[in-house]
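Index from 1, following the sequence.
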Amino acid sequence: MTLHMNAKENHANQSELIEKHTETVDWLSSSILWKSELQDLQKMLDERSAFPVTRKNDVDADHFQLMIRHNIDEIEKLRNKLRNDETMLAKLMESKDDSITVGSDEHTNTMRQVESFSKAYRQFRKEFFEFTLKTKSHEG
């Protein structure tokens, strides 16, 4: 009976690790998309001719340039955490230990940080596109 229970627990632990692995890989993929999109947004800002020249637009454009750089830095930090999380999960999957509680707190913390960034990033994108639409509508 004990052997049967250990096999069930081990299977449940492996399933949970696979689920965490999938979650981590999904966020890594998202981070690649975010970074690519930020590079495109940077190109838009670099094309100053796309925005009418006013003091307000220059200040807003400078703000968004700083935010783009900040977001790229944050993405790199998150990608490092996600890679570390993935390494930890891989080691746990290879381990013969029946317990996967090791690393669970770190994984949960990393997921919270990425989800928080994702929410802030969506807000940033919304504000960026509102700025571009507002400046385009003032062109004439």
- request: Answer yes or no: is there a donor N or O on one side and an acceptor on the other, between the side chain of Arg79 and the main chain of Leu28, under 3.5 Å?
  value: yes
query: Do the side chains of Glu37 and Arg125 get nearer than 4.5 Å, heavy atoms only?
result: yes
message: What's the separation between atom CZ in Phe64 and atom CG in Leu45, rounded to the nearest 0.5 Å?
response: 8.0 Å
query: Taking the side chain as C-beta and beyond, is there a heavy-atom pair between Phe129 and Leu41 under 4.5 Å?
result: yes
message: Quick check for you: to the nearest 0.5 Å, what is the distance between Leu78 atom CG and Glu76 atom CD?
response: 9.5 Å
task: With rounding to the nearest 0.5 Å, note down the distance linking NE2 in His107 to CG in Asn84.
output: 13.5 Å
- request: Check the pair Glu130 / Lys134 against salt bridge (Lys or Arg N to Asp or Glu O under 4.0 Å), numbers first and verdict last.
  value: CA-CA 6 Å; Glu130 286 172 352; Lys134 179 181 67 173; over 6 Å; no
query: Are Met111 and Ile32 linked, directly or through other ILVMFWY residues, by side chains that come within less than 4.5 angstrom of each other?
result: no
Main-chain N/O of Asp105 paired with Asn109 side-chain donor or acceptor, under 3.5 Å: no
message: Using side-chain heavy atoms (C-beta onward) and a distance below 4.5 Å, is Arg69 in contact with Leu66?
response: yes
message: To the closest 0.5 Å, what do you measure between CD (Glu94) and CG (Leu17)?
response: 11.0 Å
- request: Test Arg112 against Glu115 for salt bridge (Lys or Arg N to Asp or Glu O under 4.0 Å), laying out the working first.
  value: CA-CA 5 Å; Arg112 281 191 192 126; Glu115 289 165 6; over 6 Å; no
task: For the residue pair Asp85 and Thr110, confirm or rule out a side-chain donor-acceptor distance under 3.5 Å.
output: no
message: For the NE2 atom of His70 and the CD1 atom of Ile75, what is their distance to the nearest 0.5 Å?
response: 10.0 Å
statement: Residues at least two apart in sequence or cross-chain that pass side-chain hydrogen bond (donor to acceptor under 3.5 Å, both in side chains) with Gln42, listed by chain then number, are Asp46
- prompt: Between the main-chain N or O of Lys20 and the side-chain N or O of Thr24, is there a donor-acceptor pair closer than 3.5 Å?
  reply: yes
- request: Indicate whether any N or O donor in one side chain lies under 3.5 Å from an N or O acceptor in the other, for Asn80 and Arg83.
  value: yes
message: Run the side-chain contact (heavy atoms from CB on, under 4.5 Å) test against Arg122 and tell me which residues pass, sequence neighbours left out.
response: Ser118, Lys119
task: Say whether Val25 and Leu92 are linked into one hydrophobic cluster, either directly or through other cluster members, by side-chain heavy-atom distances under 4.5 angstrom.
output: no
Sequence neighbours excluded - ring-ring contact (aromatic ring centres under 6.0 Å, His included) pairs with any residue from residues 22-43: Trp27-Trp34, Trp34-Phe117, Trp34-Tyr121
query: Got a sec: does the CD of Glu127 have more than 12 other heavy atoms crowding it under 6.0 Å?
result: yes
- prompt: Would you say Ile18 and Leu89 are hydrophobically clustered, going by side-chain heavy atoms of ILVMFWY under 4.5 Å?
  reply: yes
task: Keeping the roles fixed (side chain from Ser116, backbone from Gln113), state whether a donor-acceptor pair exists under 3.5 Å.
output: no
query: What is the distance from atom CD of Glu16 to atom OG of Ser104, rounded to the nearest 0.5 Å?
result: 6.0 Å
